[in-house]
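Keep in mind it's a predicted model, so treat the numbers as computed, not measured.
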Amino acid sequence: MVYITEEMVRGRAEHNECEIFSLEEVSLHQQDIERIEHIGRWCRDLRILYLQNNLIPRIENLGRLKKLEYLNLALNNIEVIENLEGCESLQKLDLTVNFVGRLSSVESLQHNIHLAELFLVGNPCTEFKGYRQYVVASLPQLKFLDGAQISRSERIQASQGLEEGRRKVLEQEREYLQRRAREKEEAHRKAAGEEKGNKERRPGSDGRWYTDINNTVPMLEENKENQEVEENKKKMNSDLDEEQREREFWHTPCSFTPESRLEAHRHLEEKKRAKEKEKEKKPKAPRTLITADGRVMNVNEPKLDFSLTEDEENNTIILDLGVYRHMDTSLMDVDIQPTYARVSVKGKIFQIVLPAEVKPDSSTAQRSQTTGHLVVSMPRAEGEIKVTRPPRRSQTRNSSLSEDNKRDNSAPQRLEVDPSKSTAIDLANIVTKHPSTRQGPLETSRTDPPPTSGPSSSSEGFVDDSDVPPLI
């Protein structure tokens with residue numbers, strides 16, 4: 001059984017700085033609450049109270065909420081409308097899908113003069129003949145019933161036939177109460193039969209099987225093997241019986257009553273507790289990050305996208321881990337080792353083996369300002385240093401470089417001058433020569449000697465030696 005506690009209410013008062021004495025709105029839905037208590041003393045200023053989808057069988061302990069304007073009790077086990085006279089400011093009451101069969105209890109809302117909206121959809125009383133006319137005539141302050149507006153003509157007609165409508169409603173209500181009494185008796189018998197069956201399945205007082213020690217006989221190995229086989233068969237049969245009982249429980253038709261709703265809830269709770277016990281019996285296997293032989297495992301528990309690239313220019317390995325963009329960096333922990341990298345994200349481990357050894361001391365980890373990813377840069381411990389060369393300009397330059405590389409740098413190199421390619425200015429040939437021009441005294445000394453075709457006739461012993469320069 002779930003009780004309304006101060007911790008529960010304070011946990012739903014975060015919008016009010018966890019202060020419950022000045023709380024104006026609180027939501028306690030889907031908490032399996034079985035009784036309303038303490039709220040009227042703790043939260044006197046409540047205006048809106050949500051208690052839908054619980055197991056509340058009765059309206060109680062709300063009379064002190066003088067400022068309460070909206071009360072939601074949908075999807076509960078309420079059978080009678082009561083104890084709301086003290087809620088003087090109540091304007092809207094939602095009792096959708098409950099078990100209100102005593103329609104005459106609606107008259108208790110006459111004291112709530114500000115009540116404008118009432119929802120009774122899904123209750124047994126809505127199947128009574130004259131249900132709407134009776135409610136409209138009994139509550140003249142109502143403006144909407146089950147979401148439909150009440151017109152003036154409808155109210156007049158309902159008021160005119162109020163006495164006749166009340167008589168018919170009371171007759172149907174009496175029949176319904178008799179049927180409910182039979183349903184309660186049947187539910188009690190069914191519950192007693194289930195308890196008896198459970199006792200038969202568990203003969204011991206504490207639910208254990210006992211053996212008579214005096215009648216035991218020493219068992220042989222064959223008997224032990226047979227007993228193990230029989231135990232396995234019993235276990236299989238018990239599993240099949242459990243599945244069959246589960247199928248019968250959900251497929252057997254039954255009337256929709258507060259008892260059946262409670263039975264379904266308790267059945268689900270038992271299954272939930274059984275699963276929790278199985279989880280406790282089977283401890284979770286410890287995570288294996290490094291095997292016994294020292295092999296590092298690749299692990300991705302947070303299931304994040306990642307990329308591992310190599311930057312050859314900077315001689316580094318870059319890990320880009322796609323962590324959540326708005327996650328606080330304090331929830332992450334990075335551990336770089338020479339052969340692997342490990343990142344802890346909210347207690348979940350991401351580990352990856354690196355393709356080469358890195359320097360942990362020189363590694364850096366940063367968050368991307370655009371994507372929020374975690375970028376880890378890890379320089380390699382041993383790598384080739386590659387020198388980048390400028391691009392070659394032309395093919396002639398390439399050929400000259402190749403020729404220069406072929407030469408021996410140790411041998412001395414001399415410059416060779418070709419006189420034919422000299423670009424020096426010849427002062428003697430500045431003025432062009434013409435045969436008709438008059439030669440000056442300087443020009444006579446510069447005239448070329450006449451060509452000699454053979455030995456001179458002036459000297460018989462003349463020998464023409466090419467090494468001797470001609471005489472001027």
> Once you round to the nearest 0.5 Å, how far does OG1 of Thr257 lie from CZ of Arg179?
Replying inline: 11.5 Å

>> Can a side-chain donor-acceptor contact be found between Asn314 and Thr316 if the only test is distance below 3.5 angstrom?
In response: no

> Charged N to carboxylate O below 4.0 Å: is that the case for Glu79 and Arg58?
Replying inline: no

> Would Gln31 and Tyr3 count as a side chain to side chain donor-acceptor pair (under 3.5 Å) if you check the C-alpha gap in whole Å, the side-chain angles of each, and the deciding distance to 0.1 Å?
Replying inline: CA-CA 9 Å; Gln31 298 296 317; Tyr3 297 94; over 6 Å; no

>> Please determine whether a side-chain nitrogen of the Lys or Arg among Lys67 and Glu24 lies less than 4.0 Å from a carboxylate oxygen of the Asp or Glu.
In response: no

>> Just to verify, which of Arg189, Lys184, Arg180 counts as forming a salt bridge (Lys or Arg N to Asp or Glu O under 4.0 Å) with Glu259?
In response: Arg180

> Does the pair Ser104 and Glu173 meet the rule for a side chain to side chain donor-acceptor pair (under 3.5 Å), with working shown?
Replying inline: CA-CA 8 Å; Ser104 59; Glu173 185 179 304; 3.0 Å; yes

> What is the distance from atom CG of Asp146 to atom CD of Glu117, rounded to the nearest 0.5 Å?
Replying inline: 11.0 Å

>> Among Ile318, Thr364, Ile336, exactly one meets side chain to side chain contact (heavy atoms under 4.5 Å, CB included) together with Met378. Which residue is that?
In response: Ile336

> Going by atom types alone, do Asn83 and Glu85 pair a side-chain donor with an acceptor below 3.5 Å?
Replying inline: no

> Would Arg174 and Glu171 satisfy salt bridge (Lys or Arg N to Asp or Glu O under 4.0 Å), going step by step from the backbone distance to the final call?
Replying inline: CA-CA 5 Å; Arg174 197 177 301 110; Glu171 290 178 359; 5.7 Å; no

> Looking at side-chain heavy atoms only, is the closest gap between Phe350 and Val299 below 4.5 Å?
Replying inline: no

> Is there a donor-acceptor contact under 3.5 Å from the side chain of Ser108 to the main chain of Ser105?
Replying inline: yes

> Quick one: does Ile78's side chain get under 4.5 Å of Pro57's, heavy atoms only?
Replying inline: no

> Which residue pairs pass the salt bridge (charged side-chain N to carboxylate O under 4.0 Å, His left out) test with at least one member in residues 90-103, sequence neighbours excluded?
Replying inline: none

>> Let me confirm one number: the CG-CD1 distance from Asn76 to Ile56, rounded to the nearest 0.5 Å.
In response: 4.5 Å

>> Between Arg166 and Glu163, does any NZ, NE, NH1 or NH2 come within less than 4.0 Å of an OD or OE carboxylate oxygen?
In response: yes

> Atom CD in Glu25, atom CG in Asp45: separation rounded to 0.5 Å?
Replying inline: 13.5 Å

>> Using the rule given for side-chain contact (heavy atoms from CB on, under 4.5 Å), can you reason through Leu95 versus Ile81, listing the C-alpha separation, both sets of side-chain angles and the distance that settles it, and then say yes or no?
In response: CA-CA 9 Å; Leu95 292 170; Ile81 303 173; 3.7 Å; yes

>> Is the shortest side-chain heavy-atom distance between Leu120 and Leu118 below 4.5 Å?
In response: yes

> Have Thr309 and Asp320 got a donor and an acceptor in their side chains that come within less than 3.5 Å?
Replying inline: no

> When the aromatic ring centroids of Tyr50 and Tyr70 are compared, is their separation below 6.0 Å?
Replying inline: yes

>> For Glu186, I'd like to know if atom CD has over 12 heavy atoms of other residues, nucleotides or ligands within 6.0 Å.
In response: no

> Going by heavy atoms in the side chains, are Ile20 and Arg10 under 4.5 Å from each other?
Replying inline: yes

> Going through the distances and angles, do Ser27 and Arg12 end up as a side chain to side chain donor-acceptor pair (under 3.5 Å)?
Replying inline: CA-CA 7 Å; Ser27 179; Arg12 284 153 183 80; over 6 Å; no

> Does Glu276 come within less than 4.0 Å of Arg273, counting only side-chain N to carboxylate O?
Replying inline: no

> Is the backbone of Leu145 close enough, under 3.5 Å, to the side chain of Arg132 for a donor and an acceptor to pair up by distance?
Replying inline: yes

> Between Asn72 and Ala74, is there a donor-acceptor pair closer than 3.5 Å when you use the side chain of the first and the backbone of the second?
Replying inline: yes

> Can you find a heavy atom in the side chain of Val343 that is under 4.5 Å from one in the side chain of Ile349?
Replying inline: no

>> Evaluate Asn123 against Tyr131 for side chain to side chain donor-acceptor pair (under 3.5 Å), listing each step before the verdict.
In response: CA-CA 11 Å; Asn123 286 273; Tyr131 145 76; over 6 Å; no

>> Between Arg266 and Glu270, does any side-chain N to carboxylate O distance fall below 4.0 Å?
In response: no

>> Within the 4.5 Å heavy-atom criterion, are Trp42 and Phe21 side-chain neighbours or not?
In response: no

